[in-house]
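Only one structure is covered here, and it is reproduced in the block below.
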Protein chains: 2
Amino acid sequence: MTDDAHTSRRAFLRGAGGVALGSAALAAGAARADDPLITDLDAQPWTQFLGDPVDAMPYGMPSEHEAHVVRRTVSWLTADATSSINFTPLHELEGIITPNGLCFERHHGGAAHIAPGDWRLMVNGLVGRQSVFTLADIMRFPRVTRTHFLECAANSGMEWRGAQLNGCQYTHGMIHNVMYTGVPLRLVLEEAGLKGAAAWVLAEGADAAGMTRSIPLDKCLDDCLIATHMNGERLRPEQGYPARLVVPGWEGNMWVKWLRRIEVGDHPWHHREETSKYTDLLADGTARRFTWEMDVKSVITSPSPQAPITHGRGPTVISGVAWSGRGRVAEVHVTTDGGVNWTKARIEGPSLDKSMHRFNHEFDWDGAPLLLQSRAIDTAGYVQPTKDALRAVRGVNSIYHNNAIQTWAVDSDGRAENVEIS
Amino acid sequence: MTDDAHTSRRAFLRGAGGVALGSAALAAGAARADDPLITDLDAQPWTQFLGDPVDAMPYGMPSEHEAHVVRRTVSWLTADATSSINFTPLHELEGIITPNGLCFERHHGGAAHIAPGDWRLMVNGLVGRQSVFTLADIMRFPRVTRTHFLECAANSGMEWRGAQLNGCQYTHGMIHNVMYTGVPLRLVLEEAGLKGAAAWVLAEGADAAGMTRSIPLDKCLDDCLIATHMNGERLRPEQGYPARLVVPGWEGNMWVKWLRRIEVGDHPWHHREETSKYTDLLADGTARRFTWEMDVKSVITSPSPQAPITHGRGPTVISGVAWSGRGRVAEVHVTTDGGVNWTKARIEGPSLDKSMHRFNHEFDWDGAPLLLQSRAIDTAGYVQPTKDALRAVRGVNSIYHNNAIQTWAVDSDGRAENVEIS
């Protein structure tokens, strides 16, 4: 390999939108010539003493240095922590998979704990055979594996009236993205035998809230799952162990956890969670109902308020996530000047249907203040709107379905803040 | 929707290779009419009392009912647990992602614990600028996200001389499959500037074993990563936190953990782990060397010895995993009669380059004993061999690179056993 070949690879790297590290990092490297972490073995005890044995932790945990990477809740949001929300630390994550231990929770009556042997699923209503399935029965149906995001309809809900919360864990953290394994709901409904008038399904949870939602039968037959596994292992208790509904692309409230009953009917049930809650009150006093699909959305996770730029000017990575309930994310654009100029970001990792996507964009920061935004476009052609455009149509009464563009103001020290610009 | 439409969907389901649940499960459903878990709320305390609040577990854990799903080690395999192996519980997992807490470990001097601020990566040898990078420096390079399996060259190594170990956690559990995020090694090498004679790289770990391996430069420039994240979060300590090498498709020993140095040279170093170890002694006394690529392989994870059939005859799911270091898995075939008849299984979930694949096959078990096998074919055209075919070429001296077909004998009670058939 010649030095010429090397030079042309560097040129290619720059040409492809990447930024090769310049003199900054290398100057730092030179300055580290006397660094004891390089020159002094005594400063590196891990090189001299045996580490942990393989039986130290049968189920492994993150490093003690990552103890700050946790789900967080806020005390003022709800009256009680058993009917509340915690938030995924999006600003600390990479790729598209949310680790199971960090998947946000929303409960209406606390997280139920059900032994797998005690779980039952009743299928009743407009079916040929009213049936009760055990978990062992469900595991005899053909299984599928699908990666989908689950977003709470109230994600970013505090931001309708202005920039409120400090950082993307709180503004956008009511979402997780998981590779689910489960049984298509279609197979279980067909096993029970659908009657001719069947048009809707009521999904009911076994938790203290007895969560119920009406779901159109067509959606149930299309892509809904009775999920038993997440990211390879069994569901976590707070995510509906031993079985939950997966309703791809639709608001998280419908993904009934601790699923215990599927009733088939010819009309929606108009229960609390689809009338009093999870409807969108418009400026004229009417409400949008059955607004199930989660619209195309994105957010820059780094830099962001809890993930500031700490390395000074020079090569800088912008990273974020994007998703749509209507398909895949086709493109994400990034601006560093509040929307004057937009650049297409790289979508990185698998691009899957109704799944979170990772985007990255590298640039050479000159140390001037930045107004960072991302804007996603999905494969159905929808474009993520500005806050003002969304408010013009929806007003500010609702807390649900805010998919507007997020702005982070970065100052010359690299600190980021949640702001709003017109 | 008419009952006719329903009937035709059932027919389609059967026609597509799926098996609709027959009378067995539904008879069980009828027998459950007096089940207190359906009729008596007092038998379902989780419906009547509030569950866990959202601040109960900032970093979540599996259900107490899954306490058996852990990495396991065996005491007799090595002299000391700091230089040993634990095994991923493949028989309990679904989909293709291995949860971070269940990723098998192999250490040569125990798992090192390094604070991120204390980590350094030196790049030296045939480079234009000998350099030292901090973790913050590495995070300024463009990042990519890739899903790859890591398999120990010794996986299934005890099986060369016959069926030895009880269950697929022990026979095949030295593997995990993870979505990594990291920086292409190519970018770091090009930043340091490769000299014309550069042809090999030595990767060195910072652990007490000072693990080193020689890697051809072409591989480093192709798809190797300096990984900082696994499945969305930072690497776990036992997986090389804060940074490890990812060498897609190649034996796990080369994926140097706690990476501290990259030396560029014009020849391989012939260190211990590529001469005394990780070479394959043939019957004639010569050894295969630099056998880096992991050959196409598969195993049925359920049913298997720790995952017996407990539901009796009728609809039964066969599930397993397959992978190849030479690309994607094109097809997996399954036999229930020891290889007389083979059926193509469904590959389920993403099919990604040098990643684990999930396959499923449903059949109607008549209760007769079974001889279960799976056979994978990769996109490079390689076919997973029988044990006898592999031994005819390689003999039985080596413990490495056994990718032979695995057989489970299932008796009429559904119990599975590791056996060998000719």
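The sequence lines fix the lettering, A, B, ..., with proteins before strands; numbering per chain opens at 1.
Both the backbone and the side chain of R143(A) come within contact range of chain B, each with at least one heavy atom under 4.5 Å from a heavy atom of that chain. Looking at H65(A), the atoms closer than 4.5 Å to chain B (heavy atoms on both sides) sit in the backbone and in the side chain alike. S83(B) does not touch chain A: none of its heavy atoms, backbone or side chain, sits under 4.5 Å away. In this structure, the portions of E94(B) lying under 4.5 Å from any heavy atom of chain A include both its backbone and its side chain. Residue V69(B) touches chain A through its backbone alone, counting heavy-atom pairs closer than 4.5 Å. Residue M179(B) touches chain A through its side chain alone, counting heavy-atom pairs closer than 4.5 Å. With a threshold of 4.5 angstrom between heavy atoms, T47(B) approaches chain A through its backbone and through its side chain. The contact between E105(B) and chain A is made by backbone and side chain atoms together, counting heavy-atom distances below 4.5 Å. Only the backbone of I85(B) comes within contact range of chain A, with at least one heavy atom under 4.5 Å from a heavy atom of that chain. Heavy atoms closer than 4.5 Å to chain B are found in both the backbone and the side chain of T82(A). Proximity to chain A (any heavy atom under 4.5 Å) is shown, for H311(B), by both the backbone and the side chain. Of the two parts of Y241(B), only the side chain, counted from C-beta on, holds a non-hydrogen atom closer than 4.5 Å to a non-hydrogen atom of chain A. For a residue to count as touching a neighbouring chain, one of its non-hydrogen atoms must lie under 4.5 Å from one of that chain's; by this rule T78(A) does not touch chain B. If you measure heavy-atom distances from N360(B) to chain A, the contacts under 4.5 Å come from the side chain alone. Neither the backbone nor the side chain of R72(B) comes within contact range of chain A; no heavy atom of the residue lies under 4.5 Å from a heavy atom of that chain. For T145(B), the parts lying under 4.5 angstrom from a heavy atom of chain A are both the backbone and the side chain. For P350(B), the part lying near chain A is the side chain, with the backbone staying farther off; criterion is any non-hydrogen pair under 4.5 Å.
Closest of all the heavy-atom pairs between R346(A) and P142(B) is NH2-CB, 3.9 Å. I38(A) approaches M122(B) most closely through the heavy-atom pair CG2-CE, 3.2 Å. Pairing each heavy atom of D55(A) with each of A81(B), the nearest pair is OD1-CB, 3.9 Å.
Rounding to the nearest 0.5 Å places CG of N231(A) at 10.5 Å from OG1 of T98(B).
Side-chain atoms of N86(A) come within 3.5 Å of backbone atoms of V54(B) as a donor-acceptor pair (strictly under, hydrogens ignored). Within the 3.5 Å criterion, the main-chain N or O of T316(B) finds no donor-acceptor partner in the side chain of R140(A). The closest donor-acceptor contact from the side chain of R71(A) to the backbone of M57(B) lies under 3.5 Å.
Contact count versus chain A (heavy atoms, under 4.5 Å) is highest, among E92(B), Q48(B), H113(B), for H113(B). Taking chain A as the reference chain and counting heavy-atom pairs below 4.5 Å, the highest number among D118(B), D207(B), L93(B), T73(B) is found for D118(B). Top candidate by heavy-atom pairs under 4.5 Å with chain B, chosen from S84(A), G349(A), A206(A), P89(A), is A206(A). Taking R234(B), R106(B), E64(B) one by one and counting their heavy-atom pairs under 4.5 Å with chain A, the maximum is reached by R234(B). When each of G109(B), G117(B), S302(B) is scored by its heavy-atom pairs under 4.5 Å with chain A, the top score falls to G109(B). Contacts with chain A were tallied for G210(B), P116(B), A136(B); P116(B) has the most, counting heavy-atom pairs under 4.5 Å. When P99(A), A112(A), G95(A), P237(A) are compared by the number of non-hydrogen pairs under 4.5 Å with chain B, P99(A) comes out ahead. Interface remark: of the candidates A43(A), S63(A), G205(A), S63(A) forms the most heavy-atom pairs closer than 4.5 Å to chain B.
Within the 4.5 Å cutoff, the side chain of F141(B) has no heavy atoms near those of the E362(A) side chain. Residues M139(A) and V317(B) are not in side-chain contact: their nearest non-hydrogen atoms beyond the backbone lie 4.5 Å or more apart. P62(A) is listed as a side-chain neighbour of R236(B), based on a closest heavy-atom distance under 4.5 Å. Within the 4.5 Å cutoff, the side chain of H107(B) has no heavy atoms near those of the P53(A) side chain.
With salt bridges taken as basic N to acidic carboxylate O contacts below 4.0 Å, one links E348(B) and R146(A).
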